[in-house]
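Notes follow the structure.
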There are 2 protein chains.
Amino acid sequence: MIPYAYLVDDDDAIRDSLGWLLESRGVACRGFGSAEEFLATWNDTLTGCLLLDIRMDGMSGPELFDILNERGNKLPVIFLTGHGDVPMAVSALKKGAFDFVEKPCNDNELANRVIEALRLNENQRLAASGADSLKTLIDTLTTREKQVMERVLSGKLNKVIAEELLISMRTVEVHRANLFDKMGVRTAVELAQLLAGKSGK
Amino acid sequence: MIPYAYLVDDDDAIRDSLGWLLESRGVACRGFGSAEEFLATWNDTLTGCLLLDIRMDGMSGPELFDILNERGNKLPVIFLTGHGDVPMAVSALKKGAFDFVEKPCNDNELANRVIEALRLNENQRLAASGADSLKTLIDTLTTREKQVMERVLSGKLNKVIAEELLISMRTVEVHRANLFDKMGVRTAVELAQLLAGKSGK
DNA sequence: GGCACCATTGTGGAAATCCGTAATGTTCGA
DNA sequence: TCGAACATTACGGATTTCCACAATGGTGCC
């Protein structure tokens, strides 16, 4: 999925001029004439950033923003507004908007913000992919292996784990060795480091 | 150090009315007539929150904010402004301000924001104290113990650690046992969990 | 000098881990 | 129904950790 700048504005002229501006800076764009239209297209695999007009016929920019947030949107959102409205800007930024820009604005500056937003999104995706591959790795573990791993991470001895799971120590050793192998670690400490901060479930 | 709401505004009347409002809600306040005056008082042990006027004689609110940020200020900052200025609000919030409020505003609302800010500051201090006590704990380790700990956390065997540090395995065992004792853990895995996410240096 | 703290090492045994080889039973999908 | 994957266990030895007891030498402070 290629990163796009998604432009949501009910003013065709603005979408066109913004699109032209961004394309000239090497940013691929897609325009939407209403919040509803974008919402129908949106899914959580989109990458890039979102430029959102405040005032639109039908659903407003902030309303769309709230809905997208609920649905787990990860695209950075830049709000565009024609009339200075401090409370709205404050509210949007506190809810996690990437930026809030007044129209008309310095075109060059806006393009820079968009590029910043794209870069942020890319970095976040890179960071998430690490967590994801780890999760995928954990998914390859069998039920027993996960149970053993959980207890190993609690610092329990094999003997204790065996008692808890009502199986022999040897079996615990086997599961332990297998899961270490699958996780690509040699020791329990390495495993703990690998999962540092994660739930480990 | 008791949490205060530090009011910085060059308008005596506003300081007084704000102070009265907040005191009536149980918030202790201290007023300052200029950014310079507050800056002279500020130190990194202050707790509470900061209400900062944008326009002031001498140093402006945003200027003071920048300086405090450089100096490691952890107080949540609420900006107060008389004239709606979206770019300034955006800039302040992106720099980490807690809130940005237009005057005149709903007194009750402002007091709520202040109380939120105080609560945030308290939570942050609680979270930091955990990290601090951990750091204090690590400081009680001797040089050798830290060296051993570092290697234990890399999942190295005592034998390998002994070779690296050019000492006997027995000595490593002693250091290991001592540092486990000081850190209050029974196993290497517990130690790794304790330091999850920290540098461990 | 005496004392506390640190670093160092040894002996030796109990306990735990690590691991190859081998085997049995279950489950689930082709 | 056959086979792959999983769970289980045993034997036995190599390696490692854990620990009590014991000792030596250096540094820094009162």
Side-chain angles (χ1 to χ4, degrees), chain A residues 132-201, chain B residues 132-201:
Chain A
D132 250 33
S133 66
L134 186 58
K135 194 176 177 307
T136 304
L137 208 54
I138 292 178
D139 284 343
T140 69
L141 299 180
T142 66
T143 306
R144 261 319 199 216
E145 284 165 352
K146 283 182 203 165
Q147 291 172 342
V148 171
M149 181 171 80
E150 206 177 303
R151 288 164 175 79
V152 166
L153 289 175
S154 303
K156 290 174 182 165
L157 295 179
N158 287 349
K159 190 210 283 193
V160 178
I161 298 174
E163 284 166 6
E164 279 189 20
L165 298 181
L166 301 174
I167 55 181
S168 77
M169 237 182 74
R170 189 65 188 85
T171 306
V172 174
E173 287 176 24
V174 172
H175 288 317
R176 183 185 174 118
N178 287 340
L179 81 87
F180 277 18
D181 190 52
K182 285 183 183 176
M183 300 295 289
V185 296
R186 303 288 307 164
T187 69
V189 175
E190 282 179 32
L191 183 64
Q193 300 285 12
L194 184 65
L195 300 181
K198 280 79 181 179
S199 70
K201 293 281 170 114
Chain B
D132 250 31
S133 66
L134 186 57
K135 194 175 178 306
T136 304
L137 209 54
I138 292 178
D139 284 343
T140 68
L141 300 181
T142 67
T143 307
R144 263 317 199 215
E145 285 165 352
K146 283 182 202 163
Q147 292 171 343
V148 171
M149 181 172 80
E150 206 177 303
R151 288 163 175 78
V152 166
L153 289 175
S154 304
K156 289 173 182 163
L157 295 179
N158 288 349
K159 190 209 284 194
V160 178
I161 297 174
E163 284 166 7
E164 279 189 18
L165 296 181
L166 302 174
I167 55 180
S168 77
M169 235 183 76
R170 189 64 189 83
T171 307
V172 175
E173 286 177 25
V174 171
H175 288 317
R176 183 185 174 116
N178 287 340
L179 81 88
F180 277 21
D181 190 51
K182 286 184 183 174
M183 300 295 290
V185 297
R186 303 288 307 164
T187 69
V189 175
E190 281 178 32
L191 182 65
Q193 300 284 10
L194 184 65
L195 300 180
K198 280 80 181 179
S199 69
K201 293 282 169 110

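Bear in mind the structure is a predicted one, so any value in this text is a computation, not a measurement. So that the names make sense, note that chain A is the first sequence line, chain B the second, and so on, each numbered from 1.
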Going from [atom1] on [X] to [atom2] on [Y], what distance comes out if it is rounded to the nearest 0.5 angstrom?
{"X": "B:Ile138", "Y": "B:Leu195", "atom1": "CD1", "atom2": "CG", "value": "5.0 Å"}
{"X": "B:Thr140", "Y": "B:Glu145", "atom1": "OG1", "atom2": "CD", "value": "7.5 Å"}
{"X": "A:Met149", "Y": "A:Lys182", "atom1": "CE", "atom2": "NZ", "value": "11.0 Å"}
{"X": "A:Arg186", "Y": "A:Asp181", "atom1": "CZ", "atom2": "CG", "value": "8.0 Å"}

Grab the [atom1]-[atom2] distance between [X] and [N] for me, whole Å please.
{"X": "A:Asp181", "N": "C:dC19", "atom1": "CG", "atom2": "C1'", "result": "13 Å"}
{"X": "A:Met149", "N": "D:dA7", "atom1": "CE", "atom2": "P", "result": "14 Å"}
{"X": "B:Gln147", "N": "C:dC6", "atom1": "CD", "atom2": "C1'", "result": "13 Å"}
{"X": "A:Arg176", "N": "C:dA16", "atom1": "CZ", "atom2": "P", "result": "13 Å"}
{"X": "A:Leu157", "N": "C:dA14", "atom1": "CG", "atom2": "P", "result": "18 Å"}
{"X": "B:Glu173", "N": "C:dC6", "atom1": "CD", "atom2": "P", "result": "20 Å"}
{"X": "B:Lys156", "N": "D:dT15", "atom1": "NZ", "atom2": "P", "result": "22 Å"}
{"X": "B:Leu179", "N": "C:dA7", "atom1": "CG", "atom2": "C1'", "result": "14 Å"}

When you match A:Lys159 and A:Arg186 each to their closest nucleotide on DNA chain C, which lands nearer the 5' end?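 Of the two residues, A:Lys159 wins.
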Does [X] have a side-chain nitrogen or oxygen under 4.0 Å from the phosphate oxygens OP1 or OP2 of [N]?
{"X": "B:Asn158", "N": "D:dT17", "answer": "yes"}
{"X": "A:His175", "N": "D:dT8", "answer": "yes"}
{"X": "B:Ser168", "N": "C:dT8", "answer": "no"}

Quiz item: B:Arg170 side-chain donor-acceptor pair to C:dT11 base, under 3.5 Å: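 Counting by modelled atom types and ignoring angles, a donor-acceptor contact under 3.5 Å is found here.
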Exam field: side chain B:Thr136 to backbone B:Asp132, donor-acceptor pair closer than 3.5 Å: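 The answer is yes, because a donor-acceptor pair under 3.5 Å joins these two groups.
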Base, sugar-phosphate, or nothing for B:Thr142, non-hydrogen atoms under 4.0 angstrom?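 Sugar-phosphate, no base atom in range.
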Within the structure shown, what part of the strands sits under 4.0 Å from B:Arg144 by heavy-atom distance: base, sugar-phosphate, or nothing?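 Sugar-phosphate contact only - B:Arg144 comes under 4.0 Å of backbone atoms but never of a base.
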With DNA chain D as reference, determine whether B:Thr187 or B:Val174 sits nearer its 5' end, using the nearest nucleotide of each.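 Final value for this comparison: B:Thr187.
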